[in-house]
Participant: 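Provided herewith is a single structure, encoded as structure tokens, for subsequent inquiry.
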Amino acid sequence: MPQKRHRVHFKIYDKCFTASEAVDWLHELLQCNQNFGPEVTRAQTIQLLKKFAKNHVIEDVKGRWGKEDFEDNNSLYRFPPTSPLKPYPNRPPQKVEPLPFPRWSDEDAVTSHSHIPVKPLVMNSELWYKRHSIAIGEVPTCRLISRRELTAANIEEIWKSKTLSCLQKIMGLDSLNDVMDTKQAKGKHIMHNVYNVNKQGIVVMDDRSKELPHWLLSAMKCLANWPNCSEMKQPMYTGFERDVFKTIADYYSYLQEPLLTFQLFDVFVNILGLQQKELIAIEALQLCCLLLPPENRRKLQLLMRMMARISLNRDMPPLHDSTGNRALMVQTFSRCILRSKEEVDLGELLSTKLVTFMMDNCQNILNVPVSLKNSVEDYIAHQRRVQIKYPGADMDSTLHPTFEKPQPAKLQYEYEKLGKPQDPARVVLEDIINNKQMSTKEKKKKLKQFQRSHPQVYKERLPTPESEAAIFPERPTLKSQLSFLALKRPFQSFQRTRSFRM
């Protein structure tokens, strides 16, 4: 804001500006700003300057307080010399007196309490171990091993591996390579789709060149919020909504590749077999949509939201003479959402069926699966923790690799199983089960707590009461507990005798 000298009533004020000058300058600035635009009015600018004056971003040159009423006139204002924000309180510096360095030559000057005679305690390793074993119990020696730092590429690979393994498990396939090229899946895309979202869960693009045109977003928003189209400045003539819909349909019809991509066509088609189990199909589609490039996922989210709202909106006029709005949405956009690279009638039929299911459940399908996100974040946090090594645990081979020896099939399987990412919840459950130092009562208590927190993991590991009973050692029977009562002579009745005092 330009500032200059002004004179009012024979008095000169330096570095100030009139209210009208502030309105002119700020109004022009807001109109040129891409976040506001030319729609900003002068009255709105005055309202903003009133808030500035009320919060003492600008102030009256005469220093008047309590009557911060800004008007578009020649009153003089200036910027305050100090910030309108409250400053942080400054802590008084703590003066720490340095410890006096002892003078070895002047022994008499040292105070008497420094020469308290103390009998030196000679403690060998055996005495130390005996004293500490009494205090904290028999603890085996251990050492800490720091984990290597996870790079961005490591984290992306973890996200990719976890997502694909969950998808393979849900679909019940031996391998995903039969329906997709897993090498083409990118962990970077998955992480962007999980974390770079707005409050509505829609993906936010970093590269503006991949964003939808502004006019298309306005048109989609108009039909999604019909008849409340407050942003549209054009007059509402008869058939206006049909022209807007045709504009949107034309844009999506010219896409070179469908939003679900040619590469993932077989995966999405295979999910059609899970539609009888609706929740499982929704969970599988959630994971598949995370594999999409971020720009495709954003376009799909916006398009699906518009289709779902139009199909459920009773106030929306018919957009076609012979087809209902719901059927029109599927018929118009199914090919731009999912289609095969080879044009076949069967592929079109499958895409129509899948798009109908996705439109009816778009709110759940296009959300980030919370269970996957928590599982991956817990695993990454577990990998970053310091590792404890006990005697007998062979973990040096992972830190100092040597030449590989031929391993038996069983050992090779165990090595591969350990090399894969493990669920932290399963690791905790195995620790509880295999802990022989824990009492039976405490172990049952911890298992019940774990069952309440992770019922699915608990059921997979301990599916039957027999498997639960096998964890605990057999208790001695009542017969064995009472065996000490089998004496050679039966108990004789107690006979009271009289005692006489002399």
Side-chain angles (χ1 to χ4, degrees), residues 1-87 197-200 202 204-205 208 211-241 243-245 247-248 298 302 305-306 309 313 315-317:
M1 176 66 199
Q3 306 173 61
K4 55 186 179 180
R5 176 180 296 184
H6 291 79
R7 187 172 69 174
V8 177
H9 301 305
F10 303 102
K11 190 173 182 179
I12 297 176
Y13 299 93
D14 292 324
K15 294 184 178 181
C16 58
F17 49 87
T18 65
S20 298
E21 291 173 350
V23 175
D24 295 337
W25 186 85
L26 185 58
H27 186 211
E28 183 180 358
L29 176 69
L30 294 176
Q31 285 185 326
C32 297
N33 191 291
Q34 61 179 357
N35 295 322
F36 298 96
E39 294 83 6
V40 178
T41 62
R42 190 176 181 86
Q44 292 173 332
T45 308
I46 295 174
Q47 292 294 328
L48 181 58
L49 285 168
K50 284 185 177 181
K51 293 182 182 294
F52 284 171
K54 185 177 180 180
N55 291 277
H56 303 288
V57 178
I58 58 176
E59 63 180 10
D60 187 271
V61 291
K62 296 182 180 179
R64 290 175 291 193
W65 291 72
K67 297 182 179 179
E68 294 85 359
D69 189 13
F70 186 91
E71 294 182 0
D72 190 359
N73 52 25
N74 291 325
S75 299
L76 294 181
Y77 290 86
R78 65 185 176 191
F79 295 107
T82 59
S83 171
L85 299 177
K86 294 182 179 179
V197 295
N198 58 17
K199 294 181 179 179
Q200 290 77 30
I202 298 176
V204 178
M205 298 303 302
R208 294 294 180 183
E211 182 62 271
L212 289 173
H214 179 71
W215 58 266
L216 181 65
L217 290 173
S218 300
M220 296 175 70
K221 192 173 183 180
C222 173
L223 294 186
N225 298 323
W226 189 273
N228 302 320
C229 305
S230 57
E231 290 191 356
M232 300 300 292
K233 303 297 182 181
Q234 291 83 359
M236 298 296 181
Y237 54 86
T238 304
F240 172 79
E241 65 282 351
D243 291 343
V244 175
F245 177 75
T247 303
I248 299 172
R298 174 174 170 80
L302 295 173
R305 285 164 64 96
M306 184 199 72
R309 290 189 178 185
N313 190 356
D315 296 331
M316 173 66 72

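Computed from a predicted model, the values in this text were never measured in an experiment.
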Participant: Check whether any side-chain N or O of Asn55 sits under 3.5 Å from a backbone N or O of Val57 as a donor-acceptor pair, and report yes or no.
Facilitator: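 Here the side-chain-to-backbone pair does not exist.
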Participant: Using the salt bridge (Lys or Arg N to Asp or Glu O under 4.0 Å) criterion, which residues pair with Arg298? Sequence neighbours excluded.
Facilitator: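 With neighbours one apart ignored, the set is Glu211.
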Participant: To the nearest 0.5 angstrom, please state how far the CG atom of Leu49 sits from the OH atom of Tyr77.
Facilitator: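 If I round to the nearest 0.5 Å, the distance is 9.0 Å.
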Participant: Taking only residues two or more places apart in sequence, or in another chain, which ones meet Gln3 in a side chain to side chain contact (heavy atoms under 4.5 Å, CB included)?
Facilitator: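 So Gln3 forms a side chain to side chain contact (heavy atoms under 4.5 Å, CB included) with Lys15, Phe17, Phe79.
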Participant: Who pairs with Arg305 by salt bridge (Lys or Arg N to Asp or Glu O under 4.0 Å), at least two apart in sequence or on another chain?
Facilitator: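 By the salt bridge (Lys or Arg N to Asp or Glu O under 4.0 Å) rule, Arg305 matches no residue at all.
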Participant: If you measure from CE on Met306 to CZ on Phe245, what distance do you get to the nearest 0.5 Å?
Facilitator: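 These two atoms lie 6.0 Å from each other.
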Participant: Taking only residues two or more places apart in sequence, or in another chain, which ones meet Leu76 in a side chain to side chain contact (heavy atoms under 4.5 Å, CB included)?
Facilitator: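 In terms of side chain to side chain contact (heavy atoms under 4.5 Å, CB included), with neighbours along the sequence ignored, Leu76 is linked to His6, Val8, Tyr13, Cys16, Thr18, Val61.
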Participant: With distance as the sole test, does Gln44 use its side chain to make a donor-acceptor pair with the main-chain N or O of Thr41 at under 3.5 Å?
Facilitator: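 Yes; at least one donor-acceptor contact below 3.5 Å.
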Participant: Could you list the residues that satisfy side chain to side chain donor-acceptor pair (under 3.5 Å) with Gln31, not counting sequence neighbours?
Facilitator: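 By the side chain to side chain donor-acceptor pair (under 3.5 Å) rule, Gln31 matches His27.
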Participant: So which atom in Glu71 and which in Ala19 form the shortest heavy-atom distance, rounded to 0.1 Å?
Facilitator: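 The answer is O-CB, 3.1 Å.
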Participant: Taking only residues two or more places apart in sequence or in another chain, which ones pass side chain to side chain donor-acceptor pair (under 3.5 Å) with Asn73?
Facilitator: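 Only Ser75 meet the side chain to side chain donor-acceptor pair (under 3.5 Å) criterion with Asn73.
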Participant: By side chain to side chain donor-acceptor pair (under 3.5 Å), which residues pair with Asp315, not counting sequence neighbours?
Facilitator: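 Expected list: none.
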Participant: Would you call Leu26 and Leu29 a side-chain contact if the rule is heavy atoms closer than 4.5 Å?
Facilitator: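 They are in contact (side-chain heavy atoms under 4.5 Å apart), so the answer is yes.
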Participant: Within this structure, what is the CG-NZ distance for the pair Asn225 and Lys221, rounded to the nearest 0.5 Å?
Facilitator: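 Output value for this atom pair is 6.5 Å.
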Participant: Hey, could you give me the CZ/CG distance between Arg42 and Asp24, rounded to the nearest 0.5 Å?
Facilitator: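 Going from CZ on Arg42 over to CG on Asp24, the span is 4.5 Å.
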Participant: Report yes if some heavy atom in the side chain of Asn33 is under 4.5 Å from a heavy atom in the side chain of Val40; otherwise report no.
Facilitator: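 Asn33 does not reach Val40 side chain to side chain.
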Participant: With sequence neighbours left out, what residues match Arg7 under salt bridge (Lys or Arg N to Asp or Glu O under 4.0 Å)?
Facilitator: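 Per chain and number, Arg7 pairs via salt bridge (Lys or Arg N to Asp or Glu O under 4.0 Å) with no residue.
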Participant: Going through the distances and angles, do Gln47 and Lys50 end up as a side chain to side chain contact (heavy atoms under 4.5 Å, CB included)?
Facilitator: CA-CA 5 Å; Gln47 292 294 328; Lys50 284 185 177 181; 4.2 Å; yes
Participant: Tell me, please, which residues at least two apart from Asp243 pass side chain to side chain donor-acceptor pair (under 3.5 Å).
Facilitator: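 Checked Asp243 against side chain to side chain donor-acceptor pair (under 3.5 Å); matches are Tyr237.
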Participant: Taking side chain to side chain contact (heavy atoms under 4.5 Å, CB included) as the definition, give me every residue that meets it alongside Pro213, ordered by chain and number, with sequence neighbours left out.
Facilitator: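 Partners of Pro213 by the side chain to side chain contact (heavy atoms under 4.5 Å, CB included) criterion, ordered by chain and then number, come out as Trp215, Leu216, Tyr251.
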Participant: About how many Å separate CG of Leu223 and CD1 of Ile248, when rounded to the nearest 0.5 Å?
Facilitator: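 Result: 4.5 Å between the selected atoms.
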Participant: What distance do Leu217 atom CG and Leu302 atom CG have between them, rounded to the nearest 0.5 Å?
Facilitator: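 Between atom CG of Leu217 and atom CG of Leu302 there are 6.5 Å.
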Participant: Hey, does the side chain of Asn313 reach the backbone of Arg309 with a donor-acceptor pair shorter than 3.5 angstrom?
Facilitator: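 No; judged by distance alone, with no hydrogens or angles, the pair does not exist.
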Participant: Can you list everything that forms a ring pair (Phe, Tyr, Trp, His ring centres under 6.0 Å) with Phe52? Sequence neighbours excluded, please.
Facilitator: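 For Phe52, no residue satisfies ring pair (Phe, Tyr, Trp, His ring centres under 6.0 Å) once neighbours in sequence are set aside.
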Participant: Under the salt bridge (Lys or Arg N to Asp or Glu O under 4.0 Å) rule, collect the residues that match up with Lys4, sequence neighbours excluded.
Facilitator: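 Expected list: Glu21.
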